[in-house]
Amino acid sequence: MFKFTEEQLMIRDMVREFTANEIEPRDRDMDENGFDFDLIPKLTEAGLMAIHLPEEYGGGGGNTVISEIVINEIAKGSASVALFLDAHWLAADMILYHGTEEQKAKYLPLVADGKVFAFGLTESNAGSDAAAIKSVAEKQADGSYILNGGKAWITNSGIADYYLIMAKTDPEAGNKGISVFVVPKDAEGLTVGKFEKKMGMRGTGTCELSFDNIRIPADDRVGPEGRGFMIAMQALDGARVSIGSIASGLMQHAMEKAVKYAKERTTFGKPICKYQAVGFKFADMAAKIHATDLMIWDTCQMKDEGQRISVEAAELKLLSSRWACEVTDDCIQIHGGNGYSREFDVERFYRDAKLLEIGEGTSEILRMVISGSVIGR
Ligand SMILES: Cc1cc2nc3c(=O)[nH]c(=O)nc-3n(C[C@H](O)[C@H](O)[C@H](O)COP(=O)(O)OP(=O)(O)OC[C@H]3O[C@@H](n4cnc5c(N)ncnc54)[C@H](O)[C@@H]3O)c2cc1C
C-alpha cells in the first residue's frame, strides 16, 4: 500500500500549480517553435532542476519518489518538458552515482544552478546495440583523452551546457571497453547539428553531435575506465521509471481533455459521454493510468530502498508506453474529426506518446531484459 507523505503531497501540489501556470500554457507553442529557453530560469528558481540532488550540492535532497512526482506532474502539462528534465537528470545522475568527490563538487552545484545536462550514448549506427558505438576516446601520455566520432538523437542537445558522452577507450573490448566523459558545450572540436524535425516531443531539442579531436582532461572521465556501459545501463534503469511517469502524466492530460470534450459534444441529441462505447474507453484509460501509477510508486520505493530495478523499470516502461499510445489514440477517436486537427491538443499528445516506445530502450529491447529475467539468459 503506497501512500505519499505530507511533504510529498506538498511538493506535488506546488509542482501541479507551477505546471498549470508556467508549463502547460507553453506546450502548444513549443510543439510549433521548439524548446522555450525561458523555462530554464523558471525551473531553476522553483528548485526543480536538482530537486533530487543532495542538499550539500545545492539540490532539494529529494528521493526517487519526489523526483518522479515532479516528472509526473510536469508531464500533465507538457510531455516535452518532462522529457527535458528526464534527460537532464539521466546525465547528471551518472556524476551523482559514479563521480569522484571532486567531480560532484564541481558539476552538481551547476545542475542546481540551471546548467543543463544531456546523455550521449546513441550513434547513427548504434542505438539498441549500444556496445557497437564507434566514438573513440584515445588515451594520451599525459592521461588526457582525445575524443573523435559522433552521436545522434541526443535529447537536450543544442540546449545543454554539458554532455555526458559514452565512448570506446578500448575498441576491442566490446561493452567492457566503454567509458563516460563530461564534454562542455564550448569544447573545441564539438559541433552540435541542426534540431531534428521530429514527429513529437517537439518541445525538446534533439541534434547530432560530432567530435573532432576534442581533448578531455583525465579528471573529466566519470567512473572507472571500461565501466561506461554498466554506468549508462544503470542510469537508464532510473530514466525508464521517468518514462513511466511521463506516460502516466500524458495519459491523464489526454483523458482530461477527452472527458471535457465528450461532455460538451452532442450527437443524436445527447452528449457523446453518455454512449457506452465512449464511456468504456474512459474505463480502459482509467485502469491503464491506475496500473501505471502503482508500478511507478512501487519501483520508486524499491530504488529508494537500494534494490535493483532493471526488470521492474523495463516492465513499467514497456506497458506504460504502449498504454500511452493507446490512450492518446482513443482520445483522438473521441474527438472525431477534430481530434485529427492541430487545433486540438490530443493530436499533439498522440505524437508525443510514440517516443515513449522508442527512447531509452525500445519495447523490443525491454522485452529482452524482462524475458531474460524470466527464462534466464
Ligand atoms: C526523440 C528521441 C530522443 C532521444 N534521446 C536520446 C538521448 O538523449 N540520448 C541517447 O543516447 N539516445 C537518445 N535517443 C536514441 C534512442 O535511445 C534510440 O533511438 C533507441 O534506443 C533505438 O535505437 P535505434 O534508433 O538505433 O534503432 P535500432 O537499434 O536500429 O532498432 C530498430 C528496430 O529494431 C528493433 N531491434 C533492434 N535490435 C533488436 C533485437 N536484438 N531484437 C529485437 N528487435 C530489435 C528495435 O527495437 C527497433 O524496433 C533518442 C531517440 C529519439 C527518437
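Each ligand, and each atom within it, is numbered from 1 in the order the structure gives. Scope of the values below: all heavy atoms of this structure, side chains included, with no hydrogens, waters or symmetry mates. The structure displayed is predicted, hence computed values, not measured ones.
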Please identify each residue that fulfils side chain to side chain donor-acceptor pair (under 3.5 Å) with Glu101, with sequence neighbours left out.
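Counting only residues at least two positions away or on another chain, Glu101 forms a side chain to side chain donor-acceptor pair (under 3.5 Å) with Tyr57.
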
Using modelled atom types only, decide if a donor and an acceptor are shared between the side chain of Ser157 and the backbone of Cys207 within a distance under 3.5 Å.
yes

Closest heavy-atom contact between Ile334 and Ile272?
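That closest heavy-atom pairing would be O-CD1, 3.4 Å.
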
Ligand 1 polar-atom proximity to protein (N/O, under 3.5 Å):
{"residue": "ligand 1", "atom": "5 (N)", "partner": "Trp153", "partner atom": "O", "Å": "2.8"}
{"residue": "ligand 1", "atom": "5 (N)", "partner": "Thr155", "partner atom": "OG1", "Å": "2.7"}
{"residue": "ligand 1", "atom": "8 (O)", "partner": "Thr155", "partner atom": "N", "Å": "2.9"}
{"residue": "ligand 1", "atom": "8 (O)", "partner": "Thr155", "partner atom": "OG1", "Å": "3.3"}
{"residue": "ligand 1", "atom": "9 (N)", "partner": "Phe119", "partner atom": "O", "Å": "2.8"}
{"residue": "ligand 1", "atom": "11 (O)", "partner": "Leu121", "partner atom": "N", "Å": "2.9"}
{"residue": "ligand 1", "atom": "11 (O)", "partner": "Thr122", "partner atom": "N", "Å": "2.9"}
{"residue": "ligand 1", "atom": "11 (O)", "partner": "Thr122", "partner atom": "OG1", "Å": "3.2"}
{"residue": "ligand 1", "atom": "12 (N)", "partner": "Thr122", "partner atom": "OG1", "Å": "2.7"}
{"residue": "ligand 1", "atom": "14 (N)", "partner": "Trp153", "partner atom": "O", "Å": "3.2"}
{"residue": "ligand 1", "atom": "23 (O)", "partner": "Ser128", "partner atom": "N", "Å": "3.3"}
{"residue": "ligand 1", "atom": "26 (O)", "partner": "Gly127", "partner atom": "N", "Å": "3.3"}
{"residue": "ligand 1", "atom": "29 (O)", "partner": "Ser128", "partner atom": "N", "Å": "3.0"}
{"residue": "ligand 1", "atom": "29 (O)", "partner": "Ser128", "partner atom": "OG", "Å": "2.6"}
{"residue": "ligand 1", "atom": "47 (O)", "partner": "Thr362", "partner atom": "OG1", "Å": "2.6"}
{"residue": "ligand 1", "atom": "47 (O)", "partner": "Glu364", "partner atom": "OE1", "Å": "2.7"}
{"residue": "ligand 1", "atom": "49 (O)", "partner": "Glu364", "partner atom": "OE1", "Å": "3.4"}

Given side chains that start at C-beta, do those of Val259 and Met255 come closer than 4.5 Å, heavy atoms only?
yes

According to salt bridge (charged side-chain N to carboxylate O under 4.0 Å, His left out), who are the partners of Lys42, at least two apart in sequence or on a separate chain?
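Residues passing salt bridge (charged side-chain N to carboxylate O under 4.0 Å, His left out) with Lys42: Glu22.
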
Donor-acceptor list for residues 69-78 side chains, cut-off 3.5 Å, not counting sequence neighbours:
{"residue": "Asn72", "atom": "ND2", "partner": "Ser245", "partner atom": "O", "Å": "2.9"}
{"residue": "Asn72", "atom": "ND2", "partner": "Ser248", "partner atom": "OG", "Å": "3.2"}
{"residue": "Glu73", "atom": "OE1", "partner": "Arg16", "partner atom": "NE", "Å": "2.9"}
{"residue": "Glu73", "atom": "OE2", "partner": "Arg16", "partner atom": "NH2", "Å": "3.1"}
{"residue": "Glu73", "atom": "OE2", "partner": "Lys76", "partner atom": "NZ", "Å": "2.9"}
{"residue": "Ser78", "atom": "OG", "partner": "Asp27", "partner atom": "OD1", "Å": "2.6"}
{"residue": "Ser78", "atom": "OG", "partner": "Ser80", "partner atom": "N", "Å": "3.3"}
{"residue": "Ser78", "atom": "OG", "partner": "Val81", "partner atom": "N", "Å": "3.1"}

